[in-house]
Amino acid sequence: MVKTRILNIPRMKIILLVLVFFVLLPDAVSVSPQTAAQPALLWTYQVGSRVYASPVVADLSGAHGLEILMESSEERKLMCLSANRETLWTCQDFTLRLTGTPTAGDLDGDGKPEILVTTRNDGVVCLSAEGDVRWKAEIEEGIPWGNAVIADAGHDGTPEVYWISTSGQLERRSGDGALVWERHMPPPGPDGPLAVGDVNNDGQDELVFCGGPYSVFCVDNKGELVWTFRGAAAFNNGPVIADMMNAPIPEVFAASSDGVFYCLDGKAGKVVWNHRTFPGRIDTTIAAGDIDGDGAREVLYSGGRGYLYCLSNLGEEKWSFNAGDWIESAPALGDVDGDGEIEVIFGAANGNVYGLSNHGVIKWCFPVKKRIAASPTLCDYDQDGRVEILIPSHNGNLYCLTCGGSWKPEMILWPCRRYDMQQTGCLPTP
């Protein structure tokens with residue numbers, strides 16, 4: 001007969017052990033990341049059809065709160081929602097489904113943003129803040145998965161518009177839509193967007209984008225080629241510019257279809273380091289920021305096998321998280337629950353929205369039960385002082401979640417798909 005050793009412990013010691021266990025239990029539970037509360041669903045808005053584009057939040061009306069721009073893909077419709085979720089206007093001046101995220105920025109200096117929509121065969125359409133068509137630009141082929149970028153690349157106080165099509169047609173336009181220059185890059189053009197930022201510390205912004213054959217290109221804002229990096233496979237995603245080393249020259253990040261993630265020197269386009277995952281296409285967009293507060297920025301990307309990777313500024317893998325299905329978009333990075341630490345928020349093709357700690361540990365999972373292809377947007381659209389998480393799904397709904405955290409802009413490191421509503425894909429130098 002086997003006796004357990006606890007039978008030999010005096011009764012008083014057992015009582016003391018039980019008391020100590022229950023006194024310590026609440027503290028142990030409260031610090032466990034797996035027990036974080038689920039985000040609250042504030043509301044659901046029926047967009048109308050599946051959504052590929054990320055929501056864009058901007059002050060379009062001057063009324064209290066911010067407006068939300070959303071696309072209903074199959075309905076070929078762009079809509080503008082007020083902070084009260086009233087439809088202010090819709091634009092359906094498109095002939096094929098919409099998949100590219102809109103761009104917003106003040107092009108004419110009137111204090112109101114204009115809106116740029118890139119399409120599959122209608123070129124680029126510029127709308128006023130009220131939804132009226134300002135101008136259209138025809139292009140050889142569409143921009144189905146990319147977007148236009150608004151940037152003052154010359155640093156002269158006048159913003160310009162940049163884009164590249166799937167045929168490799170690279171253009172710079174003035175705010176009124178007039179062509180400044182165009183350059184035909186080697187085909188095929190990229191599936192993803194371009195990034196705009198000062199990559200070589202010359203006081204002017206450059207354009208960085210992927211394309212054919214197997215290349216990453218850097219072009220100055222006058223259309224002159226600065227450098228080319230050639231890899232071993234196609235680049236399908238949009239690159240990101242970020243100063244990771246706190247040095248005068250920032251880095252350029254891009255990923256290829258053979259499972260290699262590259263960090264390039266912004267001045268010459270030379271490889272600084274690379275990170276190799278499972279062989280296979282990487283076409284997600286990228287996010288960067290100092291998520292763990294150690295003074296050095298991290299870069300995050302995901303592969304086709306459903307893993308989200310967090311790399312140090314030196315290319316070391318800090319952690320990875322397996323979502324169980326394809327991750328098609330960039331995470332958002334910010335303190336959403338008010339605990340003073342950065343969370344990593346993203347959606348996956350399995351219909352789950354994930355909230356991870358800055359060490360890659362799951363804090364919560366919110367199921368929407370349908371594929372998520374768009375990046376979340378962190379905002380305070382209703383200006384109530386708390387962080388909202390906007391994320392759409394292929395079920396035709398836009399979800400608004402909150403974890404109760406206060407809106408602190410300094411704690412929002414990467415708020416949306418391409419960092420800002422101008423879609424620059426460039427993280428400013430600290």
Side-chain angles (χ1 to χ4, degrees), residues 33-34 36 52 54 145 191-192 210 231-240 242 244 251 253-263 271-292 296-334 336 341-376 389 391 393-394 413-414 417-418 425:
Q34 287 89 348
Y52 292 92
S54 297
W145 300 108
D191 287 334
C210 302
F235 292 87
N236 303 111
N237 67 331
V240 157
M244 303 292 287
E251 287 72 45
F253 297 96
S256 66
S257 59
D258 60 351
V260 182
F261 184 81
Y262 291 94
C263 173
V271 176
V272 179
W273 51 258
N274 63 59
H275 179 258
R276 188 175 296 273
T277 67
F278 296 104
R281 176 180 171 127
I282 304 174
D283 60 1
T284 183
T285 51
I286 302 161
D290 181 10
I291 65 172
D292 56 12
R297 289 173 165 178
E298 287 75 40
V299 60
L300 296 96
Y301 79 100
S302 56
R305 294 176 181 261
Y307 281 86
L308 177 69
Y309 298 95
C310 176
L311 309 180
S312 74
N313 60 346
L314 301 178
E316 301 163 338
E317 187 175 310
K318 286 195 164 185
W319 52 261
S320 64
F321 176 82
N322 184 4
D325 206 342
W326 189 19
I327 304 170
E328 301 178 65
S329 55
L333 311 175
V336 300
E341 297 189 350
I342 301 301
E343 283 78 45
V344 178
I345 313 298
F346 65 97
N350 57 15
N352 289 329
V353 185
Y354 293 96
L356 308 183
S357 74
N358 54 22
H359 297 295
V361 178
I362 187 167
K363 299 183 78 170
W364 50 261
C365 175
F366 186 90
V368 302
K369 301 179 182 179
K370 198 72 173 180
R371 174 183 170 190
I372 299 171
S375 293
I389 305 168
I391 188 161
S393 169
H394 271 27
L413 306 186
W414 192 276
R417 175 177 176 265
R418 297 290 289 168

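Residues take their numbers from the sequence shown, with the count starting at 1.
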### Message
Within the structure provided, determine whether Val353 and Trp364 are in side-chain contact (heavy-atom separation under 4.5 Å).
### Response
yes

### Query
Would you say Pro331 and Ile345 make side-chain contact, with heavy atoms under 4.5 Å?
no

### Query
If you round to the nearest 0.5 Å, how far is CD1 of Ile342 from CG of Asp290?
8.5 Å

### Task
Answer yes or no: does atom NZ of Lys370 have more than 12 heavy-atom neighbours from other residues, nucleotides or ligands under 6.0 Å?
no

### Message
So, using ring-ring contact (aromatic ring centres under 6.0 Å, His included) as the criterion, who are the partners of Phe235 when residues are at least two apart?
### Response
Tyr262

### Test side-chain contact (heavy atoms from CB on, under 4.5 Å) applied to Ile291 and Trp414, step by step
CA-CA 10 Å; Ile291 65 172; Trp414 192 276; over 6 Å; no

### Query
When you measure from the side chain of Ser375 to the backbone N and O of Ser329, does any donor-acceptor pair fall under 3.5 Å?
no

### Task
I would like to know whether Met244 and Phe253 meet side-chain contact (heavy atoms from CB on, under 4.5 Å); could you show each step before the answer?
CA-CA 10 Å; Met244 303 292 287; Phe253 297 96; 3.3 Å; yes

### Message
Restricting to non-hydrogen atoms, name the atom on Val336 and the atom on Glu343 that form the minimum distance, rounded to 0.1 Å.
### Response
N-OE1, 2.8 Å

### Task
Go through Ile286 and Leu300 one step at a time and tell me if the side-chain contact (heavy atoms from CB on, under 4.5 Å) criterion holds.
CA-CA 6 Å; Ile286 302 161; Leu300 296 96; over 6 Å; no

### Summary
Smallest heavy-atom separation, Ile327 atom then Ala348 atom, equals CG1-CB, 4.3 Å

### Query
Do the side chain of Asn350 and the main chain of Ala323 share a donor and acceptor less than 3.5 angstrom apart?
yes

### Message
Has Ser256 got a side-chain atom pairing as donor or acceptor with Ala234's backbone, closer than 3.5 angstrom?
### Response
no

#### Entry: Taking every non-hydrogen atom, the tightest pair across Gly351 and Ile372
C-CD1, 4.0 Å

### Task
Identify the two heavy atoms, one from Pro376 and one from Ile389, that lie closest to each other, and give their separation to 0.1 Å.
CB-CG2, 4.2 Å

#### Entry: From CZ (Arg276) to CG (Asp258), nearest 0.5 Å
6.0 Å

### Query
Would a 4.5 Å heavy-atom cut-off, applied to side chains only, mark Ser320 and Cys310 as touching?
no

#### Entry: Rounded distance (nearest 0.5 Å) linking atom OG1 of Thr285 with atom CZ of Arg418
6.5 Å

### Query
CG of Asn274 to SG of Cys263: how many Å apart, nearest 0.5 Å?
9.5 Å

### Query
Can you list the residues that meet the ring-ring contact (aromatic ring centres under 6.0 Å, His included) rule with Phe346, with sequence neighbours excluded?
Tyr354

### Task
Using a 4.5 Å cut-off on heavy atoms from C-beta on, say whether the side chain of Asn313 contacts that of Glu298.
no

#### Entry: With Tyr52 via ring-ring contact (aromatic ring centres under 6.0 Å, His included) - residues at least two apart
Trp145, His394

### Query
Side chains of Thr277 and Ile282: closer than 4.5 Å at any heavy-atom pair?
yes

### Query
So which heavy atom on Pro367 is nearest to which on Cys365, and how close?
CD-O, 3.6 Å

### Task
Would you check, one step at a time, whether the test side-chain contact (heavy atoms from CB on, under 4.5 Å) holds for Leu308 with Leu356?
CA-CA 11 Å; Leu308 177 69; Leu356 308 183; 4.1 Å; yes

### Message
Apply salt bridge (Lys or Arg N to Asp or Glu O under 4.0 Å) to residues Asp325 and Arg371 and explain how you reach the verdict.
### Response
CA-CA 10 Å; Asp325 206 342; Arg371 174 183 170 190; over 6 Å; no

### Message
Please identify which of these residues, Tyr307, Tyr309, Tyr301, meets the ring pair (Phe, Tyr, Trp, His ring centres under 6.0 Å) condition with Phe261.
### Response
Tyr301

